[in-house]
Amino acid sequence: MALLEISGVSKNFGAVSAVDRVSLSVEQGELFALLGPSGCGKTTLLRLIAGFERPDRGRIAIDGGDVTDVPPYRRPVNMMFQSYALFPHLDVVGNVAFGLKQEGMARGRREARVAEMLALVQMSDYARRRPHELSGGQKQRVALARALAKMPKLLLLDEPLAALDRKLREETRLELIGIQERVGTSFVFVTHDQEEALGMASRIAVMDKGRVAQIGSAAEIYERPRSRFVADFVGAVNLFDGVLAAGFNAVALKVPGLEAPIALLAEAELPEGGEAALAVRPEKLRLSPGRPEGIAIAATVEGINYQGGVSVVHLVAASGHALKAQMASAAATSFERGMPVWASWDPADGVVLAR
Amino acid sequence: MSAWGWRRWLLIGPPFLWLAVFFLLPLGVVAAISLTQAADAIPPYTPLLTHGPNGLELQASLANYREIANGDLRAYGNSLVFAGVATVLCLLVGYPIAFAIARAPKAWRNPLLFLVILPFWTSLLIRVYAWIAILQPTGLLNRALAALGLINSPILLIYNDFSVVLGLVYGYLPFMILPLYGSLSQLDENLVEAAADLGARPARVFFAVVLPLSVPGIIAGALLVFIPAIGEFVIPDLLGGPGTLMVGKVLWQQFFDNVDWPSAAAIAMVMVAMLTAPLLLAQRFVERPHSSRMGANET
Amino acid sequence: MSRRITAFRAAALTLGFGFLYLPIALLVAYSFNASRLVAVWGGWSLHWYGALAGDDKFKDAALNSLKIGVMAASLALVLGTCAGFVIERFTRFRGRLVFSFMLMAPLVVPEVILGLSLLLLFVASQAWLGWPPGRGIMTVTIAHATFGSCFVAVLVRAQLAGFDRILEEAALDLGARPLSVLWRVTLPGIRPALVSGWLLAFTLSLDDLVVASFVSGPSATTLPMAVYSSVRIGVTPEINALATVFLGAVIVLVALAFSLIARQERRRLAAG
């Protein structure tokens with residue numbers, strides 16, 4: 001049985017549908033990400049799991065028990081808030097011990113647990129500091145220790161890394177994964193940063209306008225997006241919108257502006273005449289001065305965006321499509337602005353997205 | 001917060017009941033007793049309900065109200081005029097002060113505000129009393145004017161309209177400054193600068209931008225001065241004379257000097273009627289619509 | 001329009017504060033006057049302070065006022081804190097409109113109305129229910145707690161509006177029940193409002209003449225009532241001395257409270 005089972009949950013604020021018929025389940029020990037742009041409902045979903053909001057429809061079960069009508073203070077989940085929400089009038093120990101005191105845990109055990117938690121997040125030396133005497137990274141550790149102290153079955157993290165600066169964020173990401181493996185608790189975290197989700201999560205739910213657009217592992221989400229929205233939101237992508245047409249011995253996509261239809265490796269049955277899009281990741285796009293075999297689009301180099309180890313070459317196709325190709329920076333030096341090139345890709349790298 | 005459930009009544013209950021019993025209910029009692037007559041009894045009024053041949057009988061009479069209507073209405077007029085004039089003067093005196101504080105360097109603002117509030121924490125009675133020593137014929141102001149050669153014999157500065165209005169302005173000025181400061185300090189500096197940048201001269205910036213945006217503060221301050229000033233007792237009692245009666249003092253005299261409780265109650269009801277409109281206006285200010293927090297959680 | 005002191009603003013502040021503080025300053029100065037006559041300087045003297053110390057009338061009245069002030073302010077703090085929390089947090093409940101009216105009106109309704117209406121209530125209730133047994137310290141305390149709680153509610157509400165509700169959610173999430181959250185997180189977070197609210201209710205009670213005159217009995221003369229009865233007779237330098245002592249005590253108390261609040265506020269800002 002799944003640890004967290006969300007079935008058909010909806011939540012409206014007035015006329016706005018924040019969460020719309022969401023169903024998903026999280027297994028024991030998972031590091032699960034809710035990924036989406038701002039306003040997609042991911043934070044509301046997290047607050048529904050925590051119990052700060054009641055769903056208008058649907059049920060939420062944790063570890064087999066229905067918690068839909070259980071108030072937050074009786075749910076076996078804890079949350080790490082984006083702003084950390086440390087109590088300013090309590091020191092680090094007071095903050096970490098807060099939930100244990102509510103449980104009525106005996107003093108001796110409580111102190112041992114607090115010490116253990118502070119050791120886990122390497123904050124033992126700051127036990128008597130008040131929140132205003134801590135740096136952002138230290139506050140984040142205390143917030144994590146506080147949320148883990150009660151040994152919840154499920155830990156919720158609201159944009160856990162958003163308040164940290166970039167360098168600290170990378171370190172903390174690895175640390176969070178390490179801590180999660182050590183304590184074995186399931187984590188559900190909310191993020192708008194696809195890099196964060198791809199780099200940390202065992203599974204990801206991509207959300208769009210209150211609904212789950214796709215659930216899968218990082219690789220599935222990135223390599224096999226199931227909708228135009230997912231392909232576009234997770235990572236950079238070149239998209240060709242067109243109409244499906246019968247090809248030579250497979251289905252092809254007729255894209256306005258391109259002289260020949262693009263032949264597709266049709267995995268699923270696609271209705272002829274339907275609208276569809278083809279997604280090709282920039283790193284899958286190959287550029288060559290001469291026309292290669294197979295699919296190829298004539299384009300002109302618009303500019304080269306150097307990003308350190310890799311560079312992104314921006315192109316404008318004769319059809320008017322703006323394209324991006326990513327390659328090692330050394331390879332990108334052979335192109336320059338205004339140069340005519342041919343863009344091509346392996347048909348297996350193109351992902352067909354029904355509209 | 002949904003987590004509260006029925007527990008919210010644990011918090012609503014005590015203050016609600018307290019205020020209902022000790023604020024709302026007493027107003028009802030005043031209304032009831034205003035319909036009785038003074039009597040040489042304990043308590044000194046005729047009962048509103050008596051046992052008659054037909055059971056309980058209501059002995060209500062509007063005699064007290066008729067008496068007020070047919071009597072000297074100057075005190076009521078005075079109250080409205082004095083409170084109105086004092087409100088306008090408080091605004092004229094308080095606005096520059098509030099403006100200067102709101103535009104003072106940040107480190108100065110709290111100490112200055114503290115100086116405005118401080119008199120509010122000290123006894124009004126004592127502060128009004130201090131004015132007697134200044135205004136009386138042998139007082140400091142007359143002596144100072146005489147020493148400067150501006151007057152030959154003491155002029156009458158106290159126990160007249162002037163001293164009562166002066167006392168009202170003095171006593172209620174902080175109530176005007178605080179809400180004015182509140183709205184002036186929230187004024188976006190960029191708006192003022194934008195107006196100046198668009199070529200408006202300081203006076204025009206003030207009348208076109210600053211003044212309209214501080215209207216909520218002006219209304220709040222005016223209500224905080226006008227409503228209580230109408231019924232003020234200490235100031236007209238200590239600084240006023242027989243010709244500067246205000247309704248609060250008339251009520252006091254009816255109650256304490258004439259021991260006519262029903263008549264005092266009727267005066268109180270007339271005052272409540274006079275204050276209904278400004279009170280309802282004040283209520284709208286307090287009960288400003290709450291902005292919904294919906295969607296604020298989403299990041 | 002910059003943040004600085006121009007000549008106009010300096011003049012506004014000087015004249016304004018002069019108007020507010022000159023009478024008080026004169027009062028204090030003349031409390032040290034050896035002469036009996038106001039406005040005639042007869043040299044420095046502590047004579048009037050001696051006379052004040054020997055005056056039992058004022059001492060008893062001051063004691064009554066202190067008792068009433070402490071009790072009324074404490075009661076007002078409890079009631080006003082509940083009320084401020086309710087009006088800020090429970091945006092919809094049956095009776096909210098009546099509730100907010102009852103919280104606002106005592107702030108502005110003339111004192112003579114508050115005093116008279118409460119007295120008539122006490123008298124009627126004594127006749128019907130036998131309670132209160134008489135008028136005195138208790139009835140004045142009730143009256144002062146009533147309007148005091150409305151002032152406390154204003155301060156509590158204002159600070160609650162700026163209080164980070166995420167902290168309350170965090171406490172709920174950690175297993176604290178709503179009342180426990182209020183006690184252990186919200187109230188510590190709005191401590192400045194609680195301190196200044198209590199002080200305000202206390203000084204309002206200490207200052208009140210009109211309401212106390214109505215609802216008090218012969219056994220419980222408060223300080224303002226005693227001051228008023230001697231002021232009516234005429235200006236006496238003893239009152240100047242009393243006023244000076246009173247002012248000094250209030251200023252020390254309030255300044256202490258404010259510096260405490262300012263320190264906490266600085267810490268809070270540093271934390272944010």
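Here is how names work: the chains are called A, B, and so on, in the same order as the sequence lines, proteins then strands, and each is numbered from 1. Values below: all heavy atoms of this structure, side chains included; hydrogens, waters and symmetry mates excluded.
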C:Arg89 side chain reached by B:Arg8 side chain, heavy atoms, under 4.5 Å: no
- prompt: So do C:Val109 and B:Leu279 actually touch side chain to side chain, heavy atoms under 4.5 Å?
  reply: yes
Within this structure, what is the [atom1]-[atom2] distance for the pair [X] and [Y], rounded to the nearest 0.5 Å?
| X | Y | atom1 | atom2 | result |
| --- | --- | --- | --- | --- |
| B:Ile267 | C:Leu116 | CD1 | CG | 9.5 Å |
| B:Met271 | C:Ile113 | CE | CD1 | 4.0 Å |
| B:Leu223 | C:Met104 | CG | CE | 9.0 Å |

- prompt: Checking B:Ile33 against chain C: side chain, backbone, both or neither under 4.5 Å from a heavy atom?
  reply: side chain
Result block: side-chain N/O donor-acceptor pairs under 3.5 angstrom for residues 24-32 of chain B, not counting sequence neighbours:
none

task: Check whether the ring centres of C:Phe214 and B:Phe256 lie less than 6.0 Å apart, and answer yes or no.
output: yes
field: Between C:Phe90 and B:Trp9, ring centroids under 6.0 Å
entry: no
query: Is it true that a side-chain atom of C:Tyr228 and a backbone atom of B:Val234 form a donor plus acceptor pair closer than 3.5 Å?
result: no
Under 4.5 Å from a heavy atom of chain B, the part of [X] involved:
| X | value |
| --- | --- |
| C:Phe246 | side chain |
| C:Leu119 | side chain |
| C:Leu114 | side chain |

message: Can you list everything that forms a side-chain hydrogen bond (donor to acceptor under 3.5 Å, both in side chains) with C:Thr81? Sequence neighbours excluded, please.
response: none
